[in-house]
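Have a look at the structure below before the remarks.
No experiment lies behind these values; they were computed from the predicted model shown.
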Amino acid sequence: METLGTRLLSLPRHPTSKTVNNDHDDPVLSRINQCTNLNQLKQIHAQMLRTGLFFNPYSASKLFAASALSPFSSLDYARKVFDQIPKPNLYTWNTLIRVYASGPEPLQGILIFLRMVDESPYYPNKFTFPFVIKAAAEIVSVCVGQALHGMVIKASLGADVFISNSLIHLYLSCGDLDSAYRVFMMIGEKDVVSWNSLITGLAQKGCAEKALELFRRMDAESVKPNDVTMVGVLSACTKKLDLEFGRWVCSYIERNGISVNLTLSNAMLDMYAKCGSLEDAKRLFDMMEEKDIVTWTTMLDGYAKLGEYEAARRVLDIMPRQDIAAWNALISGYEQNGKPKEALAIYHELKLSKIAKPDEITLVSTLSACAQLGAMDIGRGIHAYVKEQGIQLNCHLTTSLIDMYSKCGDVNKALEVFYSVERRDVFVWSAMIAGLAMHGHGRAAIDLFSRMQEATMKPNSVTFTNVLCACSHAGLVKEGKTFLNQMEPVYGIPPEVQHYSCMVDILGRAGRFEEAVEFIEKMPIVPSDSVWGALLGACQIHGNVELAEKACSRLLELDPGNHGAYVLLSNVYAKTGKWDSVSRLRKHMRVTGLKKEQGCSTIEVNGVVHEFLAGDNRHPLSKEIYSKLDEIVARLKSVGYVPKKSHLLQLIEEDDLQEHALKLHSEKLAIAFGLLYMEAPQPIRIIKNLRVCGDCHSVAKLVSRLYNREIILRDRYRFHHFGGGHCSCKDYW
DNA sequence: ATAGGGTTAG
């Protein structure tokens, strides 16, 4: 135990320096700077305690700085050193705040700052503020930031360019663009970092155009940009997918002799890849003498996002170290390009190989793949993994879990996740509203929207799409109108085309065609294909031939390859018995080479996803499935089921052939398969890529009664819960 | 008496 006594006893061992004037004069202090590992530093620490040198605040500050800032430092050890120092000086306090601010627990930086103000004799100085403001930026606290900004002004440090630059960074990281800009304007002598802070922050916050504008102004005011500036500018180009300007920036860098370090090369590489020029990316990649893990991952991601999966895979296989980001790039490449099965295969490979540990991003991508596929067993497995690993649910992960459970058909489980978390951002709320909406719980979705406001969470444009979608699925016309009308005046969110589409859908489903048409004519933006699609969909439900033809032709003007439009129109003709028109349409489709998108149903049994196409024999158990289907149809007919032939797109003359074609619809195969191979109380969950047809809908209702089985069917637009002969959509879809 | 702000991939 070191005591005051030891210190005094040891003092005579430093006869030449009663006060230390220069680090080089003192052999111990100069040794601190020569340490190359923690053990050496600990030996000096021990010696300083023995000799008492440690109790000189200046000497202690030197030791502490080395323990906190040197390349071999450890925060744990640094903190122990700090706690031993009886009277840390201002430099020591500042250094501790600094290391916390850029470490894993920035909040500690703020708390240390408060302790310093409270218990030390020092006032924060011009060095303190940049560190503590950095901590506030890291925890994204605009309140703490504003309080610090106030202290800066009170301390008459408002003119310090270092502090101002930190404040710009802080305000931008909290999304307060106006304040950031105000601070920027107040700086008398802006330096290159002032510009960089603003440009980089704007680029990161999705204001790419503003960032580029600022870069032009910087040029005009002849402030010389540096490499960091160019990284920010390239990042803005990347966000805008502006290859042309990106190329110009690369040549600007060359022309102006800006030093190209690894970070800047990586930013250029990312710009080329994300803006779609794999050739440029590949050329740069091959030319780069120094590559780090970011270089490899950027290249991999570029290939994966542009669908060059083999090339992406090759990069993964040859890169020096496969960290989790590399795997994530491949998984999300598949998942975002609508290849969820491939995404899951990579995830499984990752788990088996144990090369890297899945992180939140891996899980978010994989859950999204599960949601696309309706693979709930696998999704549940991931949820279990999250719990097993003690991973805290952040808002991203919460949103993904809610989305996965909703889209896999278990909205109650989604609600359970929703209620289990403490933190809910606008995405979490919106996902839950969407989940309720797609399951037809329109009222519950709207109630949740009210609760969201009670929680003072500001809705965004997506929230409103989901709320309007809820109104549509539940047939809530009046409510839908109210929400749409409130968007701009009450919430400051101008309605976009998807909101108008939802409103047309709401009016159309309710059969209020005149109103719907008038609404389209009066809407303040040009109606898109989705608006006409919504009208056409409503015409199908109500069998409105005249309007269907009009909507279809408008839709085809905007999107000539939309085969769904033909299917819907054909359905309207069939529903109203206009078989010659059906025939004409068929012929037209044949001539123009338009094919109906193939219907496909998937069902997951024990973690394996089985896929069925209409009339398909690919399944190894195909024979059993078809005989089960025969049995089902026979049993249904015995209680009076008559196949609804109007739901055929093909024009088949003979009656039994028509019936046969209907029987082969993929969702019926999946139902038969589910009845055969899924244990009784568990519901049969099916995902269909297109809208479910009326005949399959009736069959599912009857099966749910006669076989006493719950069937949950997700089609392209919503969920159908069949039970006891009824469907949750109340035959309104 | 020591020092500070802005940087790329998922």
Close approaches to DNA chain B from residues 92-109 of chain A, in residue order (heavy atom, under 4.0 Å): N94(A), R98(A)
Touch class at under 4.0 angstrom, heavy-atom based, for F131(A) against every strand present: sugar-phosphate
Atom-to-atom span, CG of L167(A) to P of dG4(B) - whole angstrom: 18 Å
Residues from residues 192-223 of chain A lying under 4.0 Å of DNA chain B - heavy atoms: V193(A), N196(A), S197(A), T200(A), Q204(A)
Heavy-atom donor-acceptor pair, E360(A) side chain to N394(A) backbone, under 3.5 Å: no
Any donor-acceptor N or O pair under 3.5 Å, side chains N94(A), N125(A): yes
Polar pair under 3.5 Å, donor/acceptor by atom type, side chain D323(A), base dG10(B): no
Centroid distance under 5.5 Å and plane angle under 30°, F127(A) vs dA3(B): yes
CD/Q392(A): more than 12 non-hydrogen atoms of other groups inside 6.0 Å: no
Check: dT2(B) base within 3.5 Å donor-acceptor of N89(A) side chain: yes
Donor-acceptor under 3.5 Å (Q40(A) side chain, T36(A) main chain): yes
Sugar-phosphate, base or nothing in reach of T263(A), heavy atoms under 4.0 Å: base
Test of ring centre spacing under 6.0 Å for F184(A) and W195(A): yes
Nucleic acid contacts - residues 264-279 of chain A versus DNA chain B, non-hydrogen atoms under 4.0 Å: N266(A), D270(A), K274(A)
Exercise: do Y122(A) and N89(A) side chains pair donor with acceptor under 3.5 Å: no
Touch class at under 4.0 angstrom, heavy-atom based, for K126(A) against every strand present: base
Touch class at under 4.0 angstrom, heavy-atom based, for T297(A) against every strand present: base
Over 12 foreign heavy atoms within 6.0 Å of NZ, K282(A): no
Validation row: Y272(A), L243(A) side chains within 4.5 angstrom (heavy atoms): yes
Touch class at under 4.0 angstrom, heavy-atom based, for N226(A) against every strand present: base
D191(A) side chain to S194(A) side chain, donor-acceptor N/O pair below 3.5 angstrom: yes
Sugar-phosphate only, base, or nothing, as touched by I324(A) at under 4.0 Å among non-hydrogen atoms: base
Under 3.5 Å side-chain donor-acceptor pair for R79(A) and Y100(A): yes
Sugar-phosphate only, base, or nothing, as touched by D292(A) at under 4.0 Å among non-hydrogen atoms: nothing
Sole residue of T263(A), T298(A), N266(A) in side chain to side chain donor-acceptor pair (under 3.5 Å) with D292(A): N266(A)
